[in-house]
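In what follows, a single structure is set out as C-alpha cells and then discussed.
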Amino acid sequence: MEKRSGWTAFWMILPTILVISIIAFFPLFKTFYDSFYSFGLRPGIERKFVGLQNYFRLFQDTRFIMALKNTIFFTVVSVALETILGVLIAIVVHQRFALRGIVRAAMLVPWAIPTAISSQMWRWMFHDQFGIMSRLWEKLGIIDPGTPILGTPGLAMWAIIFVDVWKTTPFMALLILAGLQVIPEDIYEAARIDGAGTIQRFFRITLPLITPTIGVALIFRTLDALRVFDVVYIMTRGAVNTETLAVYNRHVLMDRAFTGAWFGYGSAISVFIFVLISIFAILYIKSLKLRLD
Amino acid sequence: MSRSLTQKILLYVAVVFILVWCVFPLYWAFVSSIKPDQDLFEKNPSLFPKRVTFENYVKVFKERPFHINIKNSIIVAGVTTVVALTIGSLAGYAIARLKFKGKVVVMSLILAVSMFPQVSILGSLFLILRSMKLINTYTGLIIPYTAMNLPLTVWVLQSFFRELPKEVEESAFIDGASKLRTLWSIVLPMSAPGLVATGLLTFIAAWNEFLFALTFMQRPNLYTVPVAVALFKGASQYEIPWGQLMAAAVIVTLPLVILVLIFQNRIIAGLSAGAVKG
C-alpha cells in the first residue's frame, strides 16, 4: 500500500507542480537569464550579452533610486500605521458591545473591494475641486484651500498611504483579533485580583501574548507593501514622487522596451525586487514555524 | 465586568468611528453615483443626495462595453476557481493523507509561489504568452491566475482535509475504493464548507487582480472589471465621468460585498488556515 500510495501521490500532485513551474518558476528563471542581456521588444534591436552591466546601471539610474526610496518610505510608514491601528481596532472589537457582529462584518468591506476600484473611489474623494476628502483636509487645516492633494509632491504619497492603510488595517485587526480571542480570560482575572490596572494588563499580558501574531502579520504586510502597484498606478500613475519599484518596473518592461533596448534592464529591476521580497519571505516562513510535513 | 460610563462612551465612539471608516468610501461612491451632475460637481458636496437619478447606471452600459467587462471577469474568475479547486484538491488530499518522498520540498515550492512578487515575472510571462499566442485571450489570464491561486487553494484545502475523520476514508479504502474514488465520493462532499470558502477566496482574488489583467488584455472589449474601471475615460481625454465611474464601482462591488458578508466567518477561518496569506 505504501509503495502504491507514492505513485498515487505523484499523479495527484503533478498538475499543481506543472502549473506552478510553467507560470512561476520558469518565467522567474527566464527573467534572471534575460537580465544579463541588452535587448528590447521592438524588432531589429540586436541581442547582446552584457554580464552584470544592467545591475551596475541600476545604481546610476536616479529614477530607480527614487523609486526604491519611495517604496521603502511607503512600506515603513504604511506598515507601521497599519500595525498600530490594527492592534487598537482589534482591542476595541474584542470588547462586548451591541453591534459587534455588524462591525466585524463591515471590517471585511475594504478588503473585499478590488484595489483598482477602491483606488478610483478614493481618487474621486481626493479630487482637487469636488472631493469630499480634500474638503475635510482643508477644514482640518492639513492643507491650504485649493491644494490639489494628488498633484502635490509629498502630499500625494501620503494620500496613497492613507488609502492603503484604509484598505488593510481592518483586515490586520481581524487577524490580531483572532490572536486576542485565544488568550484565556482567567489570566486577566488573576492579574486583576493582584491589583493590575488596565494599562498594566495591556502591556504585561495582552501585548506579549499577541506579539507573535503581530510579528507574522507585520512581516506579511511588508512583503505585500514592497510590491505595491495598483493603488499607485491608478491614483497618480507614479507622478509627483510616488513612483514605486513595481510601477517603474512595469513602465520599463512594457513601455520603454517597445521603443528601445530596455527589456534586459527591466529584467534586472525585476530580479532586484524578487531578491528584496525574498528576504522578507524567508523571515515570514521562519517566524511562522510552519510544519511542512 | 462592569464598565464606567466614560469607558462606555469611549467604546461606542471608537466603534462608530471604525464603522464609518470602513464603509464610508462605498457609501460615498453610491451617493455620488445617484446624484445628477449639477449636484455632483459642487464645491461643497452634500452628504445626502438632494435629487436622485439612475442615469449613470444606464449610461455605464450604454456608452461603454461595461457588461462585456463584467462577462470577461465572470468567465476568467469562474474558470480559474473551478480549475484551481480541481487541481488543488488533488494535491491537497495527497499532502494531507498520503505518505510520499519529497513532501517538504513540494510544500516549500508551493509556499514560495504564494509570496512571488508578480511584477518580477511580468515581462517574461508576457513574452511566453505572446509566443504561445495567448495575449488577448481568456486562457492567457486563466493559466497565470490558476498558478498564483493554487498555493492558497492547496494550503487551505489540505488543512480542511486533515480535520476530517480518517475512519470513513479507511473503511472505503478497505471496501476496495481507489484513492481518487475516495476523494471524489467521500472526502469532497464532507469538506463542502471548505471548498466553498476556498472557492470564494480564489474567485475574489481572480476578480480583483489588476497587474496581469492590465498587461495581458490590451483591448477594451477584453478588459476585466478592475482594468475597465481603472482606465475609465470620458468623451475628452481630460474629463472623467465621475458619476458613471462611481456607478460602475457600485455595480461590481455590491455583489462582492454581500457575498463576503454572508460568508464572513468562513472567509476569516479560511484565511487564517491559509497561514495569514491574504
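Atom set for the values below is all heavy atoms of this structure, side chains included, hydrogens, waters and symmetry mates excluded. Since we're looking at a predicted model, the values are computed, not measured. Below, read A as the first sequence line, B as the second, and so on, with proteins coming before strands; counting in each chain starts at 1.
Using a 4.5 Å cut-off between heavy atoms, Ala257(A) makes no contact with chain B at all. Neither the backbone nor the side chain of Arg221(A) comes within less than 4.5 Å of any heavy atom of chain B. Looking at Thr253(B), only its side chain comes within 4.5 Å of chain A, counting heavy atoms on both sides. In this structure, chain B has a heavy atom under 4.5 Å from the side chain of Phe263(A), while its backbone stays farther away. Neither the backbone nor the side chain of Phe17(B) comes within less than 4.5 Å of any heavy atom of chain A. Of the two parts of Leu259(B), neither the backbone nor the side chain holds a non-hydrogen atom closer than 4.5 Å to a non-hydrogen atom of chain A. Only the backbone of Glu42(B) comes within less than 4.5 Å of a heavy atom in chain A; its side chain stays farther off. Of the two parts of Phe263(B), neither the backbone nor the side chain holds a non-hydrogen atom closer than 4.5 Å to a non-hydrogen atom of chain A. Residue Val165(A) touches chain B through both its backbone and its side chain, counting heavy-atom pairs closer than 4.5 Å. Only the side chain of Pro170(A) has a heavy atom closer than 4.5 Å to any heavy atom of chain B. When heavy atoms are compared at a cutoff of 4.5 Å, Trp11(A) does not approach chain B at all. Looking at Ile113(A), the atoms closer than 4.5 Å to chain B (heavy atoms on both sides) sit in the backbone and in the side chain alike. The part of Leu183(B) that comes within reach of chain A is its side chain, from C-beta onward, which places non-hydrogen atoms under 4.5 angstrom from that chain. Trp242(B) touches chain A through its side chain: at least one heavy atom from C-beta onward sits under 4.5 Å away, while N, CA, C and O do not. The part of Leu261(B) that comes within reach of chain A is its side chain, from C-beta onward, which places non-hydrogen atoms under 4.5 angstrom from that chain. With a 4.5 Å cut-off on non-hydrogen atoms, Met254(A) touches chain B through its side chain but not through its backbone. Contacts between Arg130(B) and chain A at a heavy-atom distance below 4.5 Å involve the side chain alone, from C-beta outward. Looking at Ser267(A), there are no atoms closer than 4.5 Å to chain B (heavy atoms on both sides), in backbone or side chain. Only the side chain of Leu150(B) comes within less than 4.5 Å of a heavy atom in chain A; its backbone stays farther off. Using a 4.5 Å cut-off between heavy atoms, Leu245(B) touches chain A through its side chain atoms alone. With a 4.5 Å cut-off on non-hydrogen atoms, Leu28(A) touches chain B through its backbone and its side chain both. Neither the backbone nor the side chain of Arg100(A) comes within less than 4.5 Å of any heavy atom in chain B. Contacts between Leu214(B) and chain A at a heavy-atom distance below 4.5 Å involve backbone atoms as well as side-chain atoms. Heavy-atom distances place the side chain of Val252(B), and not its backbone, under 4.5 Å from chain A. Proximity to chain A is limited to the side chain of Val154(B), based on heavy atoms less than 4.5 angstrom apart.
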- Stepwise side chain to side chain contact (heavy atoms under 4.5 Å, CB included) test for Tyr93(B) and Thr8(A): CA-CA 11 Å; Tyr93(B) 185 69; Thr8(A) 317; over 6 Å; no
- Query: How far apart are the C-alpha atoms of Ile143(B) and Ile23(A), what are their side-chain angles, what is the distance that settles it, and do they pass the side chain to side chain contact (heavy atoms under 4.5 Å, CB included) test?
  - Reply: CA-CA 8 Å; Ile143(B) 298 174; Ile23(A) 296 302; 3.5 Å; yes
- Item | Verdict with reasoning, Leu180(B) to Met12(A), per side chain to side chain contact (heavy atoms under 4.5 Å, CB included) | CA-CA 9 Å; Leu180(B) 215 56; Met12(A) 289 175 106; 4.1 Å; yes
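Put simply, the side chain of Pro25(B) does not reach to within 4.5 Å of the side chain of Val163(A), judged on heavy atoms. Contact check for Leu41(A) versus Leu127(B): side-chain heavy atoms found under the 4.5 Å cut-off. Considering only heavy atoms from C-beta on, Leu109(B) stays 4.5 Å or farther from Ile20(A) through its side chain.
Between chain B and the options Thr115(A), Leu14(A), Thr31(A), heavy-atom pairs under 4.5 Å are most frequent for Thr31(A). Ranked by heavy-atom pairs under 4.5 Å with chain B, the list Phe280(A), Phe26(A), Phe274(A) is led by Phe274(A). The most heavy-atom pairs under 4.5 Å with chain A, out of Leu26(B), Val23(B), Ile204(B), come from Leu26(B). Top candidate by heavy-atom pairs under 4.5 Å with chain B, chosen from Ile273(A), Val271(A), Ile277(A), Ile132(A), is Ile132(A). Chosen from Ala112(B), Ala205(B), Ala147(B), the residue pairing most often with chain A at heavy-atom distances under 4.5 Å is Ala147(B). For the set Leu122(B), Val119(B), Leu256(B), the count of heavy-atom pairs under 4.5 angstrom toward chain A peaks at Val119(B). Per-residue counts of heavy-atom pairs under 4.5 Å with chain A were compared for Val225(B), Val105(B), Val227(B), Leu125(B); the largest is that of Leu125(B). Per-residue counts of heavy-atom pairs under 4.5 Å with chain A were compared for Ser124(B), Ser89(B), Ala14(B); the largest is that of Ser124(B). Put simply, of Asp230(A), Leu245(A), Val103(A), Ile89(A), the one with the most heavy-atom pairs under 4.5 Å next to chain B is Asp230(A). Of the listed residues (Phe97(A), Trp166(A), Phe229(A)), the greatest number of heavy-atom pairs within a distance under 4.5 Å of chain B belongs to Trp166(A). Interface check for chain A: of the options Ala249(B), Ala248(B), Ser120(B), the most heavy-atom pairs under 4.5 Å are formed by Ser120(B). For the set Leu253(A), Ile117(A), Val93(A), the count of heavy-atom pairs under 4.5 angstrom toward chain B peaks at Ile117(A).
Nearest heavy atoms, Ala106(A) versus Leu19(B): CB-CD2, 3.6 Å. Of all the heavy atoms in Lys43(B) and Arg135(A), the pair that sits closest is O-NH1, 2.6 Å. Met107(A) and Ile18(B) get closest at one heavy-atom pair: CG-CG2, 4.2 Å.
Considering only residues two or more places apart in sequence or on other chains, Phe126(B) meets the ring-ring contact (aromatic ring centres under 6.0 Å, His included) condition with none of them.
Within 6.0 Å of atom OH in Tyr12(B), more than 12 heavy atoms from other residues, nucleotides or ligands are found, so the atom counts as buried in its surroundings. Other residues, nucleotides and ligands contribute only 12 or fewer heavy atoms inside 6.0 Å of the CZ atom of Arg181(B).
Taking the centre of each ring, Phe130(A) and Trp28(B) stay at or above the 6.0 Å mark.
Counting only distance, with no hydrogens or angles, the side chain of Gln264(B) and the backbone of Leu108(A) share no donor-acceptor pair below 3.5 Å.
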